[in-house]
J.: 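I have a structure I would like to understand better, so I am pasting it below and will then ask my questions one at a time.
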Amino acid sequence: MFPLDEIDNIFEAAARSRVFKNREVLLPDYVPLELPHREAEIKRLAEVVAPALRGERPSNAFIYGLTGTGKTAVTKYVLRRLEELAKARGSSVSWIYVNVRQRETPYKVLADMGEQLGLRVPFTGLSIGELFSRIVKRLSKLEGVYIVVLDEIDFLVRKGDDVLYDLTRINEHLPRAKVSLIGITNSVKLVDSLDPRVKSSLGEEQLVFSPYNAEQLKDILSRRASMAFNEGALEEGVIPLVAALAAREHGDARRALDMLRVAGEIAEREGADRVSEDHVYRARQEIERDKASDVIRTLPLHSKLILAAILKASLTSPEGRATTGEIYDAYRQLASSLGLEEVTLRRVSGVLGELDMLGIISSRVISRGRYGKTRVVELAVSPDTVIGSLSEDPTVGSMVQSMSTKGLTGKRGRATS
DNA sequence: CATCCACCGGAAATAGGGGGGC
DNA sequence: GCCCCCCTATTTCCGGTGGATG
């Protein structure tokens, strides 16, 4: 028998990282104790929600800014503080945070809200209306101020949605409790597509978050890095590099912190004791690849097939591009070789649009005059990534693998420029 | 300069699998 | 059990449309 304490020693040694002191502070959901370069936004939001301390309903607010500009972090930061303060003064203020992108459908958003209010909600079966009135019923037994944060609210807006509208009017049903809403989005366009009634209600206050510049990113990164990494674990150029790369991608601080964390993880995996610029470059690649793989793996069957068709069509074309028609032909071949029913051209066109949104392909519609209007598609991720992710699928996997050899020879055959 | 290709992309409807309340 | 609901992927229907061609 191996002595227990020796096992412990092994774990202990492995657990003690050479580069990381506290890796968690680089994770996306970590809210730091201070949010540098967002002082003005914090102040604005604090002013907006402050009336809650007097038991008044704060104005609804609309927060807009690109991804990674601190919208979520600032909101959580301010509301946490507000709640603490309220508790200390004996007034009742609570907040509910729902990420609409993760909850996607109106039903799930309401279900999430309901659960946070202590309701037991079946994951399906109820009508939206029923669910809504249960929430109202629950809230009408309560008192105090409730601030509901709907993050990435874009996904709730899709045409003719009354849930948002109903939420803005929920106070009419409540005798004592007061609800105010904070909507967070990263698309300016959203504001226009909003139901005008919702727009005016939600837009009682509007906050705009501007992207961080490279200097600010550098500052944010070094503060965070000093908590996350051991002394001297970062080579000189690492932080400026990460900041520069992220600044180029519209100042996304989350992306920057991710890059830093993954660079650290790569360094650690390799047993290096310092994180180098090379680790950063590789981290950036790895992040892109993982993101794409995750998306591809969870695609529905026919979307995978269509992606395989794109792969096939683009690898056999000299430019690496393919049109909708070509993709459809390739798709039909693949489908019939697997003995599967085919989806229509309209659907393929729709899937192409989805894949574009997901960043797996990039495409634009062009007119070839006499020869019609079509969409030209090219892969936005490396063929190897696509092949790798698709081959895990039980249905299309083997087919993609056999295609990969042919495809890659085809690719090798063409000019490398 | 009208024509006409090869699709685009909106809207509505359906299928069919998940489940309620009563 | 009955009737209703939600959700996703898809079909059906169909009115556009940029620009090379004749």
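A, B, ... follow the sequence lines: proteins, then strands. Residue 1 opens every chain.
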J.: Is the distance between the ring centroids of A:Phe20 and A:Phe229 less than 6.0 Å?
T.: yes
J.: Could you check which of B:dG20, C:dT11, C:dC5 has an atom nearest any side-chain atom of A:Val343?
T.: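 Output: C:dT11.
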J.: OP1, OP2 of C:dC7 versus side-chain N and O of A:Thr124: anything below 4.0 Å?
T.: no
J.: May I ask you to check whether over 12 heavy atoms, not counting those of A:Glu24, lie within 6.0 Å of atom CD?
T.: no
J.: Please tell me whether A:Asn60 and A:Ser201 have a donor and an acceptor in their side chains that are separated by less than 3.5 angstrom.
T.: yes
J.: Give a yes/no answer on whether the side chain of A:Ser349 brings an N or O atom under 4.0 Å of OP1 or OP2 in B:dC8.
T.: yes
J.: Among B:dG20, B:dG19, B:dC8, which is the nearest nucleotide to the side chain of A:Phe123?
T.: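 Nearest nucleotide to the side chain: B:dG19.
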J.: Please check this pair: side chain of A:His279 against backbone of A:Ser276, looking for a donor-acceptor N/O pair closer than 3.5 Å.
T.: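 It does hold such a pair.
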J.: How many Å lie between CG on A:Leu126 and P on B:dG19, as a whole number?
T.: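 The distance from CG of A:Leu126 to P of B:dG19 comes to 13 Å, rounded to the nearest Å.
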J.: B:dA6 P sits how many Å from A:Arg364 CZ, rounded?
T.: 19 Å
J.: Going 5' to 3' through nucleotides 14-22 of chain C, assign each nucleotide B (protein heavy atom under 4.0 Å from a base atom), S (under 4.0 Å only from sugar-phosphate atoms) or - (no protein heavy atom that close).
T.: ---BBBBS-
J.: Provide, to the nearest angstrom, the distance between the NZ atom belonging to A:Lys304 and the P atom belonging to C:dA9.
T.: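 Whole-Å distance recorded here is 12 Å.
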J.: So, does A:Arg347 get its side chain near the phosphate of C:dT10, meaning an N or O under 4.0 Å from OP1 or OP2?
T.: yes
J.: Would you please confirm or rule out a distance under 4.0 Å between OP1 or OP2 of C:dT11 and any side-chain N or O of A:Thr344?
T.: yes
J.: So, the side chain of A:Arg101 versus the backbone of A:Asp154: is there a donor-acceptor pair under 3.5 Å, distance only?
T.: no
J.: Determine the contact category for A:Arg134: base if any of its heavy atoms lies under 4.0 Å from a base atom, sugar-phosphate if only primed atoms, P, OP1 or OP2 are that close, otherwise nothing.
T.: sugar-phosphate
J.: Taking A:Lys178 for its side chain and A:Gly55 for its backbone only, find out whether a donor-acceptor pair lies under 3.5 Å.
T.: yes
J.: Tell me: CG of A:Asp329 to P of B:dA6, nearest whole Å?
T.: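 For the pair A:Asp329 CG and B:dA6 P, the rounded distance is 12 Å.
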J.: Once you round it to whole Å, what is the distance between C1' of B:dG20 and CD1 of A:Ile128?
T.: 13 Å
J.: In whole angstrom, give the distance that lies between atom CZ of A:Phe132 and atom C1' of C:dC6.
T.: 17 Å
J.: What is the distance, rounded to the nearest whole Å, between atom OH of A:Tyr107 and atom P of B:dG17?
T.: 20 Å
J.: Take the angle between the ring planes of A:Tyr97 and A:Trp95 and call it parallel below 30°, perpendicular above 60°, tilted in between.
T.: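 Perpendicular, since the angle between the ring planes exceeds 60°.
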J.: NA contact type, A:Glu342, heavy-atom cut-off 4.0 Å: base, sugar-phosphate, or nothing?
T.: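 Touches sugar-phosphate only.
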J.: Base, sugar-phosphate or nothing for A:Ile366? Non-hydrogen atoms, less than 4.0 Å.
T.: nothing
J.: Atom CG of A:Leu299 and atom C1' of C:dA9: how far apart are they, to the nearest Å?
T.: 12 Å
